Amino acid sequence: MIIQPRVRGFICLTSHPEGTAQHVKNQIEYIKSKGKISNGPKKVLVIGASTGFGLASRITAAFGSDAATIGVFFEKPAAEGRPGTAGWYNSAAFEKEAHAAGLYAKSINGDAFSDEIKQQTIDLIKKDLGQVDLVVYSLASPRRTHPKTGVAHASVLKPIGKPFTDKTVDFHTGIVSDITIQPVENEEDIANTIAVMGGEDWRFWIETLREAGVLAEGVKTVAYSYIGPELTYPVYRNGTIGRAKDDLEGTVPVLNNLLKDLNGISYVSVNKALVTQSSSAIPVVPLYISLLYKVMKEKGIHEGTIEQMQRLFAERLYTDNVLLDDKGRIRVDDWEMRPDVQEEVSKLWEQVTTENLDSISDIKGYRDDFFNLFGFNFEAIDYDKDTNEVVNVPSIA
Ligand code: NAI
């Protein structure tokens with residue numbers, strides 16, 4: 001099969017196995033180049049481990065700290081002439097590299113919101129690792145079937161209260177236009193978004209793992225949040241997804257209480273805005289990211305998911321005094337939020353149009369990152385070549 005990108009809106013329907021493997025290898029090389037993380041994690045469970053921040057967390061734990069990792073995700077292998085999903089290929093490549101390096105790595109493919117997958121994960125931890133000392137919670141999903149009620153919740157990305165109009169970009173065509181997003185019509189949309197992206201499932205995981213006795217003394221758990229600039233507040237932090245993030249952040253004291261006996265601790269880390277499958281779905285945000293990339297690259301402070309996770313582990317999570325903000329959160333969005341960065345981004349935001357997009361933004365960097373997520377735009381890969389090999393995740397095959 002010859003695999004080329006097939007794009008529909010903010011989704012790429014195809015993924016390239018060798019390209020995604022290259023993407024994973026590049027991330028591993030970066031982690032190796034940074035040296036070992038002192039006193040890092042040793043036995044790690046990553047929920048949402050196949051793409052974005054979760055994959056980068058898994059790579060950081062494995063190659064930066066020689067950790068055994070179990071990854072949970074929801075991905076699809078290739079079928080009937082259709083390539084597998086990027087997260088499937090990423091996980092196949094990750095496991096192969098980890099095994100070659102003598103590291104334990106197994107994966108579970110299924111709905112992390114379900115009780116069944118939680119139980120399967122516990123069984124695997126008991127069988128192979130005994131206990132885990134770090135649980136990374138990095139799910140991003142548009143829907144969740146509640147394991148207790150059976151209700152299917154769908155999240156929405158909407159403002160609350162009044163319509164929001166601002167600029168947005170179609171990052172494929174480069175057309176900058178105004179978009180108006182209507183506010184949620186009822187409280188139910190807010191509650192559904194909280195049910196999907198809030199902290200309940202993180203709590204269910206920690207409760208279940210704790211009851212099963214598979215959390216080690218001194219265990220840490222971390223989940224990821226976002227704040228961003230005022231200009232995206234209506235669609236992000238003050239919108240439905242922001243309510244879910246408030247709920248996620250509000251789960252920290254609850255988990256700390258649950259983990260007290262084990263001397264365990266939970267954190268939310270506020271990460272930088274980056275191109276992932278999830279963030280490309282949010283209106284307005286891709287244009288902001290294109291301008292942010294431009295400014296941060298010019299200042300030499302740009303980071304991708306792997307650089308962010310390396311810094312999170314090495315300079316925050318595994319240090320003697322974990323640096324927190326006044327709300328108790330870890331901040332690795334600190335460089336994004338620097339006043340000089342934000343001031344320049346706001347100036348560019350005022351000016352940006354279809355005509356000057358190429359010159360004043362890093363739309364090229366955005367597109368490259370987007371296609372890289374699916375294994376495209378890597379120079380070393382010949383995209384005209386047939387890729388007939390069946391790619392399996394070794395521990396699942
Ligand atoms: P992503 O879309 O790259 O990764 C999501 C992961 O969740 C994948 O591994 C996917 O397989 C897994 N997943 C989704 N539904 C699942 C299910 N039902 N069962 C099992 N696995 C499932 O997303 P990204 O961007 O890495 O997001 C991870 C977290 O980081 C989210 O909480 C997000 O809000 C947060 N974050 C993202 C930022 C960004 O700019 N992308 C910035 C700051 C925080």
Side-chain angles (χ1 to χ4, degrees), residues 10-12 15 20 23 45-59 71-76 84-91 94 107-118 120-121 136-147 152-155 157 193 195-199 201-202 204-205 222-229 232 236-237 240-242 244-249 251 268-282 285-286 288-289 292-293 303-306 308-309 312 329-333 336-337 366 369-370 372-374 393:
F10 51 78
I11 292 171
C12 184
S15 305
T20 44
H23 196 208
L45 168 63
V46 182
I47 303 155
S50 54
T51 56
F53 283 114
L55 173 66
S57 305
R58 191 177 193 187
I59 293 172
V72 180
F73 46 75
F74 211 177
E75 302 292 350
K76 285 200 187 99
T85 56
W88 179 265
Y89 292 142
N90 287 338
S91 304
F94 169 80
S107 306
I108 293 176
N109 190 28
D111 181 7
F113 295 127
S114 70
D115 289 342
E116 292 81 350
I117 289 296
K118 290 185 176 71
Q120 266 187 43
T121 309
V136 175
Y137 187 84
S138 187
L139 290 186
S141 172
R143 64 192 72 83
R144 168 182 177 220
T145 300
H146 198 283
H153 299 279
S155 67
L157 287 165
T193 308
V196 180
M197 289 297 287
D201 183 60
W202 186 24
F204 283 178
W205 267 100
V222 63
Y224 301 136
S225 188
Y226 183 64
I227 299 174
T232 63
Y236 199 97
R237 195 64 208 210
T240 48
I241 180 72
K245 291 301 182 193
D246 291 344
D247 185 73
L248 184 83
E249 292 170 15
T251 305
V268 157
S269 170
V270 182
N271 300 343
K272 176 194 182 192
L274 281 169
V275 183
T276 66
Q277 295 186 33
S278 300
S279 67
S280 46
I282 309 173
V285 169
Y288 165 71
I289 292 181
L292 180 73
Y293 273 26
E303 296 173 295
T305 45
I306 195 68
Q308 278 267 292
M309 293 301 95
L312 169 67
R329 303 170 293 203
I330 292 176
R331 304 294 296 267
V332 285
D333 66 337
E336 169 183 358
M337 299 315 290
Y366 189 101
D369 275 10
F370 178 80
N372 284 179
L373 294 176
F374 303 92
V393 179

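All values below were derived from every heavy atom in this structure, side-chain atoms included, with hydrogens, water molecules and symmetry-related copies excluded. Both counts, for ligands and for their atoms, begin at 1 and track the order of listing. These numbers come from a predicted model, not from an experiment.
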S.K.: Identify the protein heavy atom lying closest to atom 15 (N) of ligand 1, giving its residue, its atom name and the separation to 0.1 Å.
M.R.: S141 CB, 3.5 Å

S.K.: Near A49, which atoms of ligand 1 are under 4.0 Å from a heavy atom of that residue?
M.R.: 9 (O)

S.K.: Test your reading of the structure: does F53 have an N or O sitting under 3.5 Å from an N or O of ligand 1?
M.R.: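 For ligand 1, there is an N or O atom that lies under 3.5 Å from one belonging to F53.
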
S.K.: How does A223 reach ligand 1, by side chain, by backbone, by both or by neither, if only non-hydrogen atoms under 4.0 Å count?
M.R.: neither

S.K.: Does F53 offer a backbone N or O that forms a donor-acceptor pair with the side chain of T305 under 3.5 Å?
M.R.: no

S.K.: If you take all heavy atoms of G54 and S138, which pair is closest and at what distance?
M.R.: N-OG, 3.2 Å

S.K.: Starting from atom 18 (N) of ligand 1, what is the nearest protein heavy atom, named by residue and atom, and what distance separates them?
M.R.: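 I find the closest protein heavy atom is D111 OD1, 3.0 Å.
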
S.K.: For atom 34 (O) of ligand 1, which candidate among K245, M197, Q277 provides the closest heavy atom?
M.R.: K245

S.K.: In ligand 1, which numbered atoms sit nearer than 4.0 Å to a non-hydrogen atom of G52?
M.R.: 3 (O), 26 (O)

S.K.: Which of the atoms in ligand 1, numbered in the order shown and given with their element, are less than 4.0 Å from a heavy-atom of S225?
M.R.: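 Matching atoms, with element in brackets: 43 (C), 44 (C).
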
S.K.: For atom 16 (C) of ligand 1, what is the closest protein heavy atom, and at what distance to 0.1 Å?
M.R.: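 Closest protein heavy atom to atom 16 (C) of ligand 1: F74 CB, 3.8 Å.
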
S.K.: Show me which atoms of ligand 1 lie under 4.0 Å from any heavy atom of S278.
M.R.: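 This gives 1 (P), 2 (O), 23 (O), 25 (O) as the contact atoms.
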
S.K.: Between K76 (side chain only) and G87 (backbone N and O only), is there a donor and an acceptor less than 3.5 Å apart?
M.R.: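 Checking the backbone N and O of G87 against the side chain of K76, no donor-acceptor pair under 3.5 Å is found.
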
S.K.: Determine the minimum heavy-atom distance between I241 and Y236, stating which atoms define it.
M.R.: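 For I241 and Y236, the tightest heavy-atom pair comes out as CG2-O, 3.6 Å.
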
S.K.: May I ask which of A86, G48, A140 has a heavy atom nearer to atom 14 (C) of ligand 1 than the others do?
M.R.: A140

S.K.: In plain terms, say whether D246 and R237 are close enough for a salt bridge, that is, a side-chain N and a carboxylate O under 4.0 Å apart.
M.R.: yes

S.K.: Using modelled atom types only, decide if a donor and an acceptor are shared between the side chain of K118 and the backbone of A112 within a distance under 3.5 Å.
M.R.: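 Checked: pair present.
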
S.K.: Could you tell me whether K272 and E303 make a salt bridge, using a distance below 4.0 angstrom between a side-chain N and a carboxylate O?
M.R.: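 The answer is no: the pair does not qualify as a salt bridge.
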
S.K.: Would you mind listing which atoms of ligand 1 come within a distance below 4.0 Å of any non-hydrogen atom of S50?
M.R.: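 Selected atoms, number and element: 8 (C), 9 (O), 10 (C), 11 (O).
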
S.K.: To check your reading of the model: name the closest protein heavy atom to atom 30 (O) of ligand 1, its residue, and the distance in Å.
M.R.: Y224 CB, 3.4 Å

S.K.: Starting from atom 42 (C) of ligand 1, what is the nearest protein heavy atom, named by residue and atom, and what distance separates them?
M.R.: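 Protein heavy atom at minimum distance: K272 O, 3.3 Å.
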
S.K.: Apply side chain to side chain donor-acceptor pair (under 3.5 Å) to the pair S279 and Y226, showing each step before the final yes or no.
M.R.: CA-CA 11 Å; S279 67; Y226 183 64; over 6 Å; no

S.K.: Report, in ascending order of atom number, the atoms of ligand 1 lying under 4.0 Å from any heavy atom of L139.
M.R.: 7 (O), 12 (C), 13 (N), 20 (C), 21 (N), 22 (C), 31 (C), 32 (O)

S.K.: Just checking, any donor-acceptor pair under 3.5 angstrom between side chains of Q277 and T51?
M.R.: no

S.K.: Between the side chain of T276 and the main-chain N/O of S278, is any donor-acceptor distance below 3.5 Å?
M.R.: yes

S.K.: Quick one: look up the protein heavy atom nearest atom 19 (N) of ligand 1 and list residue, atom name and how far away it is.
M.R.: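 Atom 19 (N) of ligand 1 sits closest to the protein heavy atom A112 N, 2.8 Å.
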
S.K.: Identify the protein heavy atom lying closest to atom 11 (O) of ligand 1, giving its residue, its atom name and the separation to 0.1 Å.
M.R.: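 Heavy-atom neighbour on the protein nearest atom 11 (O) of ligand 1: E75 OE2, 2.8 Å.
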
S.K.: Nearest heavy atom to atom 41 (N) of ligand 1: which of N109, T305, T276, I241 does it belong to?
M.R.: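 Among N109, T305, T276, I241, the closest heavy atom to atom 41 (N) of ligand 1 belongs to T276.
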
S.K.: Can you name the atoms of ligand 1, numbered from 1 with element, that are less than 4.0 Å from a heavy atom of A273?
M.R.: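 Near A273, the atoms of ligand 1 are 40 (O).
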
S.K.: Any idea which protein heavy atom is nearest atom 40 (O) of ligand 1, and the distance to it?
M.R.: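 Protein heavy atom at minimum distance: L274 N, 2.8 Å.
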
S.K.: Name the one of V268, L312, L248, V332 that satisfies side-chain contact (heavy atoms from CB on, under 4.5 Å) with Y224?
M.R.: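 Of the listed residues V268, L312, L248, V332, the side-chain contact (heavy atoms from CB on, under 4.5 Å) partner of Y224 is L312.
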
S.K.: Can you name the residues that form a side chain to side chain contact (heavy atoms under 4.5 Å, CB included) with A49, not counting sequence neighbours?
M.R.: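 Checked A49 against side chain to side chain contact (heavy atoms under 4.5 Å, CB included); matches are V46, R58, F73.
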
S.K.: Where is the tightest heavy-atom contact between F370 and S280, given as atom of each residue plus distance?
M.R.: CE1-OG, 3.8 Å

S.K.: Only heavy atoms of F113, strictly under 4.0 Å: list the atoms of ligand 1 that pass.
M.R.: 18 (N)

S.K.: Mind checking whether G110 has a heavy atom under 4.0 Å from ligand 1?
M.R.: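 Flag set, G110 near ligand 1.
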
S.K.: Taking atom 6 (C) of ligand 1 as the point of reference, which of A244, S138, G54 owns the nearest heavy atom?
M.R.: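 Comparing heavy atoms across A244, S138, G54, the nearest one to atom 6 (C) of ligand 1 lies in S138.
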
S.K.: Which heavy-atom pair separates L373 from V275 by the least distance, and what is that distance?
M.R.: CD2-O, 3.8 Å

S.K.: Give me the atom names and distance for the closest heavy-atom approach of V196 to A154.
M.R.: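 Scanning both residues completely, I find the closest heavy atoms to be CG2-C, 4.1 Å.
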
S.K.: Ligand 1 and F73, any nitrogen or oxygen pair closer than 3.5 angstrom?
M.R.: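 In fact, backbone or side chain, F73 has no N or O that close.
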
S.K.: State whether the shortest distance between N or O atoms of T51 and N or O atoms of ligand 1 falls below 3.5 angstrom.
M.R.: yes

S.K.: With a 4.0 Å cut-off on heavy atoms, does R143 reach ligand 1?
M.R.: no

